[in-house]
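So that the names make sense, note that chain A is the first sequence line, chain B the second, and so on, each numbered from 1. Keep in mind that the numbers below use all heavy atoms, side chains included, and drop hydrogens, waters and symmetry copies. Only a predicted model underlies this, so the values are computations on that prediction, with no experimental measurement involved.
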Amino acid sequence: MTLSLSCFAVWLAPSLLGQVPADHPKPPPPALNMELELPEKVDTGTVVFHEREIRHLATFTPLPELPRSRSNRWADDPKAAHFGQFLFFDPRLSSTGEISCASCHDPAKSWGDGKALGEGIGSLTRHTPGLWNVAYQRWFFWDGRADSLWAQALGPLEHPLEMGQSRVGLAHVLFQQADLRQAYESLFGSLPAMDEENRFPPHARPVSDAPDHPHHVAWLAMAAEDQKAVNRVFSNLGKAMEAFQRRIQSRNAPFDGFVAALIQGRKEDFQLLSPSAQRGLKLFLGRGQCTLCHFGPNLSDGEFHNIGWTYRPGAGGVDWGREKALTLVEQDPFNGLGEYSDHRRRRANQKLLYLRWDEHLVGAFKTPSLRHVTETAPYMHDGRFADLDAVLDFYSELPGAPPIGHREESLQPLRLLDQERADLKAFLESLRGQALDPALEKPPSGPLPEAKS
Amino acid sequence: MGLLLSIAGTVACGEAQDSQEPAPVVSPNQGGDPALLDQSTTQTSPDRRFSIQYAPLPDPIPLNDYFELSLEIKGLEGDPPGEDWIVQVDADMPGHNHGMNTQPQVFPLGQGRYRVEGMLFHMPGHWQLFIDVGEREDSLSRTVFHVFLEHGG
């Protein structure tokens, strides 16, 4: 049996092996097509993997070429990525001056916060997701209310319980802070004349659900062209942050090496997975039915499912998930069809064209990636499970029924044995990739790359 | 379909587990053996008026990615559907109690030909593709096609 695979091994080393240098290379060349002979079955000494399973696993790894971010023309610009990294760690972007993106997306905590529910300026109602391979997602936020990583980045900046800023306030910060202003203007051109007080109030932003909010009133009082100028600045901040976050890539986990060994018949590398982890992988692919939703390079379909957790006391009550987010993403002025997108053609934004309002999306949330999953507790969109044992308890028993919507009916209680639980956990541990270049896990010394002598 | 193998129970010292060819990953309550599914791409409508054929683009249908359909609807004893007829396309996963997360759009090309955009099968397994044809909303005739989607298929 042959398999047509995209092979990137030739191109990958070393530029994208988690160590992206400042002089990031040009966009990668087209993938090489290789016909791979797959064995009928491989006996690792612990588990027999059949051709069907190996063919399946070959779609999980290696991590493919970065998907294009058509709405962001700076997505692969090294200077924008450098600026975005600086911004990501800069607490001056918050209204308190104390909170940065990295406060909740901490690189030391697998780009999450280790808490059940997010905590910015205030307490949130959803769990902070990690950011490994975030650029490979189709939708952003747990409910997919943003269609690009740059549009997502704008949400927390203005959320009153996260960073508490306003887009006009942010433009003032950029204008007043000399280092930020220099970096911004060298990338995106001149900032608006933010010192003209009659045009730009200290704070203003649209607050559609609170028309009496002073930020909203101030926003409506601005001239339309000034609103657009500020929106342009705001969107550029998000685009720089996306350029940085595209570099948070998980590669070379033991699982990846093991699958390569299966495909290539390299017996000496079968030990990359312990016997327990190999049994866990077999269970994951087979009886566990995990790959109905957890498949592909991120071990996630990137789509939305109701698995029954739409209500958690103390976490904001009933959460409608995807069903409510559809309108938000369709109406988002920063979506891929909006005027701040760098590529508004219909074909480039097809996911916005075929949105579906459907009862089955009530209480549905995005399937999370399983890369580095053992480092990202607590689990689920509302952080309800403290550890993987609790998650496996849930899939083993499927207790309760969702208060709204209906649970994905393909789920069946797995009735896991103790050994099977241990095996699944051992397999999930094997999804922890190599460390990133430490230079990506801290703010650079300045918002612009140092000039080369 | 062998989906309820007791994996831990098959492990013996020094012996690799599970030498049986695994079944494809499908949910246990889908019913039916995928090998027995009629996956033909041409069907006669239940009202016996039309022969309906679809062709996916790309072919085969990708898992969890957008694809299009080309439809050709021929009249068995007369003309293809008129320009004012309704042609709708949707899909469902039996046993999952849900279908697609996308809303496909049908574009008539004339002469009984249509292009369908916005199709996306986000899960592996058995999908039913519905093509509804009729003169009025309340008189649609539904033709059901079966598609079985596998990982890496």
Side-chain angles (χ1 to χ4, degrees), chain A residues 3 5 41 43-60 138 275 278-279 282-283 285-293 295-296 301-306 322 350-351 353-361 364 406-412 416-420 423, chain B residues 1-30 62-68 89-105 116-126 149-153:
Chain A
L3 169 71
L5 260 194
K41 60 183 178 181
D43 183 348
T44 68
T46 301
V47 175
V48 176
F49 289 96
H50 293 265
E51 186 272 342
R52 184 197 297 272
E53 293 166 310
I54 300 169
R55 178 160 46 95
H56 182 172
L57 285 169
T59 64
F60 286 47
R138 177 180 291 151
Q278 292 183 28
R279 290 194 301 268
K282 184 85 179 179
L283 181 56
L285 295 171
R287 184 176 87 79
Q289 309 264 357
C290 311
T291 57
L292 282 172
C293 298
F295 60 85
D301 60 3
E303 284 293 327
F304 305 92
H305 305 268
N306 180 344
R322 181 58 171 165
Q350 58 180 341
K351 62 189 176 187
L353 302 177
Y354 312 116
L355 295 173
R356 182 186 193 110
W357 281 255
D358 198 299
E359 189 264 343
H360 81 266
L361 293 170
H406 59 79
R407 179 179 277 154
E408 168 70 63
E409 292 188 11
S410 57
L411 283 173
Q412 301 292 309
L416 294 168
L417 305 173
D418 289 346
Q419 182 63 55
E420 291 177 312
D423 292 345
Chain B
M1 291 188 287
L3 286 165
L4 294 177
L5 290 174
S6 174
I7 289 178
T10 64
V11 179
C13 274
E15 182 184 338
Q17 71 175 48
D18 191 2
S19 60
Q20 300 299 308
E21 174 71 25
V25 177
V26 294
S27 65
N29 59 342
Q30 283 191 169
L63 173 61
N64 199 27
D65 204 354
Y66 291 91
F67 65 97
E68 295 183 3
V89 174
D90 207 350
D92 195 43
M93 294 195 84
H96 288 225
N97 200 9
H98 68 70
M100 294 189 293
N101 289 350
T102 59
Q103 184 65 55
Q105 294 175 13
V116 186
E117 296 182 0
M119 302 287 296
L120 191 148
F121 290 172
H122 61 287
M123 296 180 81
H126 177 193
L149 212 54
E150 281 193 67
H151 286 290

A.B. asks: Between atom CD of B/Gln103 and atom CG of A/Asp358, what is the distance when rounded to the nearest 0.5 Å?
C.D. replies: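 Going from CD on B/Gln103 over to CG on A/Asp358, the span is 8.0 Å.
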A.B. asks: Go through it in stages, so that I can follow the logic: the residues are A/Arg138 and B/Asn64, the test is side chain to side chain contact (heavy atoms under 4.5 Å, CB included), and I'd like the CA-CA distance, side-chain angles, deciding distance and then a yes or no.
C.D. replies: CA-CA 11 Å; A/Arg138 177 180 291 151; B/Asn64 199 27; 3.1 Å; yes
A.B. asks: Does any non-hydrogen side-chain atom of B/Glu117 lie less than 4.5 Å from one of A/Gln350?
C.D. replies: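 No, too far: nothing below the 4.5 Å cut-off.
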A.B. asks: List the steps and the verdict of ring-ring contact (aromatic ring centres under 6.0 Å, His included) for A/His305 and B/His122.
C.D. replies: CA-CA 11 Å; A/His305 305 268; B/His122 61 287; 5.5 Å; yes
A.B. asks: Heavy-atom cut-off 4.5 Å, strictly under: side chain, backbone, both or neither for A/Leu361 against chain B?
C.D. replies: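 Side chain of A/Leu361 only, per the 4.5 Å heavy-atom cut-off to chain B.
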A.B. asks: Measuring only between side-chain heavy atoms, which start at C-beta, is B/His151 closer than 4.5 Å to A/Arg55?
C.D. replies: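 A side-chain contact is absent here, since even the closest heavy-atom pair is not under 4.5 Å.
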A.B. asks: Any heavy-atom pair between the side chains of B/Leu120 and A/Lys351 that's under 4.5 Å?
C.D. replies: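 They are not in contact (no side-chain heavy atoms under 4.5 Å apart), so the answer is no.
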A.B. asks: Using every non-hydrogen atom in the two residues, find where B/Asp90 and A/Arg356 come nearest and quote the distance to one decimal.
C.D. replies: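 Scanning both residues completely, I find the closest heavy atoms to be OD2-NH2, 2.7 Å.
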A.B. asks: Evaluate the ring planes of B/Tyr66 and A/Tyr354, with Trp represented by its six-membered ring, and classify them as parallel (under 30°), tilted (30 to 60°) or perpendicular (over 60°).
C.D. replies: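 Rings of B/Tyr66 and A/Tyr354: tilted, 30 to 60°.
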A.B. asks: Do B/Met123 and A/Ser410 come within less than 4.5 Å of each other through their side chains, counting heavy atoms only?
C.D. replies: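 A side-chain contact under 4.5 Å exists here.
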A.B. asks: Side chains of B/Pro124 and A/Thr291: does their closest heavy-atom pair fall under 4.5 Å?
C.D. replies: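 The answer is no; the side chains never approach within 4.5 Å.
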A.B. asks: Indicate whether the side chain of A/His360 and that of B/Asn101 have a donor and an acceptor atom separated by less than 3.5 Å.
C.D. replies: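 Per modelled atom types, A/His360 and B/Asn101 side chains form a pair under 3.5 Å.
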A.B. asks: Output the distance between atom CG (B/Asn97) and atom CD (A/Glu359), rounded to the nearest 0.5 Å.
C.D. replies: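 Answer rounded to 0.5 Å: 7.5 Å.
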